[in-house]
Amino acid sequence: MSALSPEAIQELQKRVQNVAVPGDAPFDALRTAWNLCVQQRPAFIALPSTSEEVAECVRFARQHGLGVAVQATGHGVGRPADDALLILTRNLNGVTVDATAQTAHIEAGVRWGSVLKAAQQHRLAPLLGSSMGVGAVGYTLGGGMGWLARKYGLACDHVLRFEAVNAQGEIVTASADEHADLFWALRGGGGANYALVTAMDIRLFPVTEVYGGSLLYPAEMAKAVFQQFREWAATLPDEMTASVLIMHYPDSLELPDMVRGRACAVVRGCFTGEPSEGQALIDEWRSWQTPEFDLFGAMPFMGAAAISHDPPGPLAGHSNGGFLTDLSDETIDIILAHSLPQDGPPPLVKAEVHLQGGAIARVPRDAMAVSHRDQPLLLSLIYSTPTDDTYEAAVQHSADFLTALSPHSSGAAYANFLSGEEQIARVNGLFEPEKYARLQAVKAAYDPDNVFRYGFGVPGQPAG
Ligand SMILES: Cc1cc2nc3c(=O)[nH]c(=O)nc-3n(C[C@H](O)[C@H](O)[C@H](O)COP(=O)(O)OP(=O)(O)OC[C@H]3O[C@@H](n4cnc5c(N)ncnc54)[C@H](O)[C@@H]3O)c2cc1C
């Protein structure tokens with residue numbers, strides 16, 4: 001692609017207030033994603049403040065033969081935005097709550113923490129994930145599996161409408177009544193592939209207090225903890241969303257002495273319902289074996305980030321994973337053989353098995369693009385990869401880990417828990433076959449020229 005002339009850029013700057021080009025002072029900071037492993041060199045960057053400005057950007061990119069990449073926070077970049085017009089949505093930052101309708105209108109650049117804060121003022125909550133810093137729209141486009149999922153479902157199950165700019169640079173609405181095929185695709189079909197979402201309306205839920213937290217057991221007890229989780233999970237009501245994991249706590253000064261530099265077997269959970277009922281479920285663990293650290297208790301949902309303690313970042317990381325069909329003793333042995341420390345500190349931060357089921361599994365299969373609702377368990381692997389060596393080790397380790405687990409996995413994966421390169425390589429595994437074909441049809445109808453070519457993309461489209 002040849003560089004754009006200064007006149008062309010000036011033409012855009014007349015129509016869009018915030019545009020940065022290479023050499024501008026903030027350009028390098030702007031092109032930096034939350035995940036520091038992402039290295040991207042966009043042709044230029046626009047920070048629109050309105051849907052009209054977004055539409056101007058898309059029309060300009062078309063006119064000049066550029067692809068359009070979209071980024072809210074950079075937690076889940078698909079393809080790096082090399083040579084693209086990179087649209088940062090951070091100036092689309094409005095959130096309004098309709099307390100009577102129990103809905104929220106959320107603009108594209110808003111992070112979950114802001115939505116939760118606005119909703120809790122009305123004793124309501126969104127279906128956010130483990131981290132307040134993740135973008136609400138990007139998370140929802142990938143599905144959205146959070147601590148209320150077994151009770152209320154995935155975030156994408158509760159979108160009422162999207163406002164978007166299509167690949168022709170037109171402002172459109174996607175809902176059950178308008179552009180229903182686009183609405184179907186945007187609910188779990190992945191980010192930045194079919195249209196650029198400028199805002200979404202979602203349902204909120206009456207959650208203010210939960211019984212949540214984590215129990216830490218020594219790594220030596222890991223097999224027994226995973227086996228106990230399997231038995232316990234079989235009895236759980238939908239109100240409890242839970243996971244079991246091996247966690248490697250970094251050797252960092254911010255952590256208490258007792259966990260710093262150690263691996264632990266951890267049980268995490270969030271119960272929405274009567275706190276005493278949640279406590280009774282966790283008491284089963286306490287009477288099974290006293291945990292080394294017991295961080296469970298009644299808590300305001302505003303503090304739900306404390307359940308997972310995700311790092312605020314930015315960080316360099318690699319993530320991988322997939323759905324599991326069982327938590328048999330053999331599956332547990334494979335997980336532990338790959339996740340407990342061996343020679344020196346592994347780049348693995350955690351291997352977490354999330355319990356699915358409940359409301360996640362009750363939505364009809366063809367309702368929307370998000371797939372694999374019937375899978376019982378979801379594995380998430382997170383690695384810390386500050387150097388090229390650790391990154392390569394992580395990619396290899398996660399591939400070996402998943403190969404070893406293949407007898408206990410359908411091969412299917414969940415887009416939000418994969419790094420960008422994994423999303424692209426495993427796009428086949430992200431969707432059920434009939435949905436994959438339907439997504440191709442939506443892509444062909446809405447973006448035949450592949451303007452939005454930096455998401456993870458359905459096959460049949462030229463790579464970005
Ligand atoms: C610390 C951490 C915790 C997480 N916790 C969870 C969790 O609990 N549950 C879960 O399901 N996922 C979780 N995730 C994954 C997260 O949901 C995905 O990485 C998600 O894609 C991030 O969205 P973003 O907008 O913040 O990131 P971005 O990298 O900015 O965007 C992600 C993708 O969405 C596209 N996109 C963003 N905005 C738009 C838009 N307006 N229109 C069209 N496309 C757009 C981007 O192009 C990109 O492909 C977590 C990730 C991290 C790093």
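All ligand and atom numbering here is 1-based and tracks the order in the structure.
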Can you confirm whether the side chains of [X] and [Y] place a donor and an acceptor under 3.5 Å from each other?
| X | Y | answer |
| --- | --- | --- |
| D310 | S130 | yes |
| T198 | E107 | no |
| T272 | W147 | no |

field: W147 heavy atom under 4.0 Å from ligand 1
entry: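 W147 does not count as a contact of ligand 1 under the 4.0 Å cut-off.
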message: Any atom of ligand 1 sitting under 4.0 Å from a heavy atom of F452?
response: no
Minimum-distance protein heavy atom relative to [atom]:
| atom | answer |
| --- | --- |
| atom 44 (N) of ligand 1 | A192 N, 2.8 Å |
| atom 41 (N) of ligand 1 | V197 O, 2.7 Å |
| atom 35 (C) of ligand 1 | G191 CA, 3.6 Å |
| atom 10 (C) of ligand 1 | Y139 CE1, 3.3 Å |
| atom 9 (N) of ligand 1 | M145 O, 2.8 Å |
| atom 15 (C) of ligand 1 | N416 O, 3.2 Å |
| atom 29 (O) of ligand 1 | G76 N, 2.8 Å |
| atom 16 (C) of ligand 1 | V134 CG1, 4.0 Å |

Proximal ligand 1 atoms for [X], defined as those under 4.0 Å from one of its heavy atoms:
| X | value |
| --- | --- |
| G135 | 24 (P), 25 (O), 26 (O) |
| S131 | 3 (C) |
| G144 | 11 (O) |
| Q71 | 30 (O) |
| V77 | 29 (O) |
| G129 | 7 (C), 8 (O) |
| G74 | 27 (O), 28 (P), 29 (O), 30 (O) |
| V137 | 40 (C), 41 (N) |

When you measure from the side chain of [X] to the backbone N and O of [Y], does any donor-acceptor pair fall under 3.5 Å?
| X | Y | answer |
| --- | --- | --- |
| Q17 | S49 | no |
| K151 | A359 | no |
| S371 | E432 | yes |
| R268 | S243 | no |
| T325 | H408 | yes |
| K443 | P448 | no |
| S398 | A394 | yes |

- prompt: Can you check whether T198 has an N/O within less than 3.5 Å of an N/O in ligand 1?
  reply: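 Checking ligand 1 against T198, no N or O pair falls under 3.5 Å apart.
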- prompt: Is there at least one pair of N or O atoms, one from A108 and one from ligand 1, spaced under 3.5 Å apart?
  reply: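 Between A108 and ligand 1 (N or O atoms, distance only) the closest approach is not under 3.5 Å.
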For [atom], tell me which residue out of [options] has the closest non-hydrogen atom.
| atom | options | value |
| --- | --- | --- |
| atom 39 (C) of ligand 1 | V70, L92, T89 | V70 |
| atom 5 (N) of ligand 1 | S419, S130, A415, G317 | S130 |
| atom 25 (O) of ligand 1 | A305, A72, S308, C156 | A72 |

field: F226 six-ring centre to R230 NZ/CZ under 6.0 Å and within 45° of normal
entry: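 Output no; distance or angle outside limits.
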Assign the ring pair [X] / [Y] to parallel, tilted or perpendicular, where the plane angle (0 to 90°) is split at 30° and 60°.
| X | Y | result |
| --- | --- | --- |
| H338 | F401 | parallel |
| F417 | H354 | tilted |
| F60 | F44 | perpendicular |

Mind checking whether [X] contacts ligand 1 via backbone (N, CA, C, O), side chain (CB onward), both or neither, at a 4.0 Å heavy-atom cut-off?
| X | answer |
| --- | --- |
| T73 | both |
| L141 | side chain |
| A195 | backbone |
| F417 | side chain |
| D310 | side chain |

query: Quick one: side chain to side chain contact (heavy atoms under 4.5 Å, CB included) partners of P237, sequence neighbours excluded?
result: E239, F271, L281
task: Would you mind telling me which of N166, N193, D181 makes a side-chain hydrogen bond (donor to acceptor under 3.5 Å, both in side chains) with Y446?
output: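 Among the candidates, only D181 passes.
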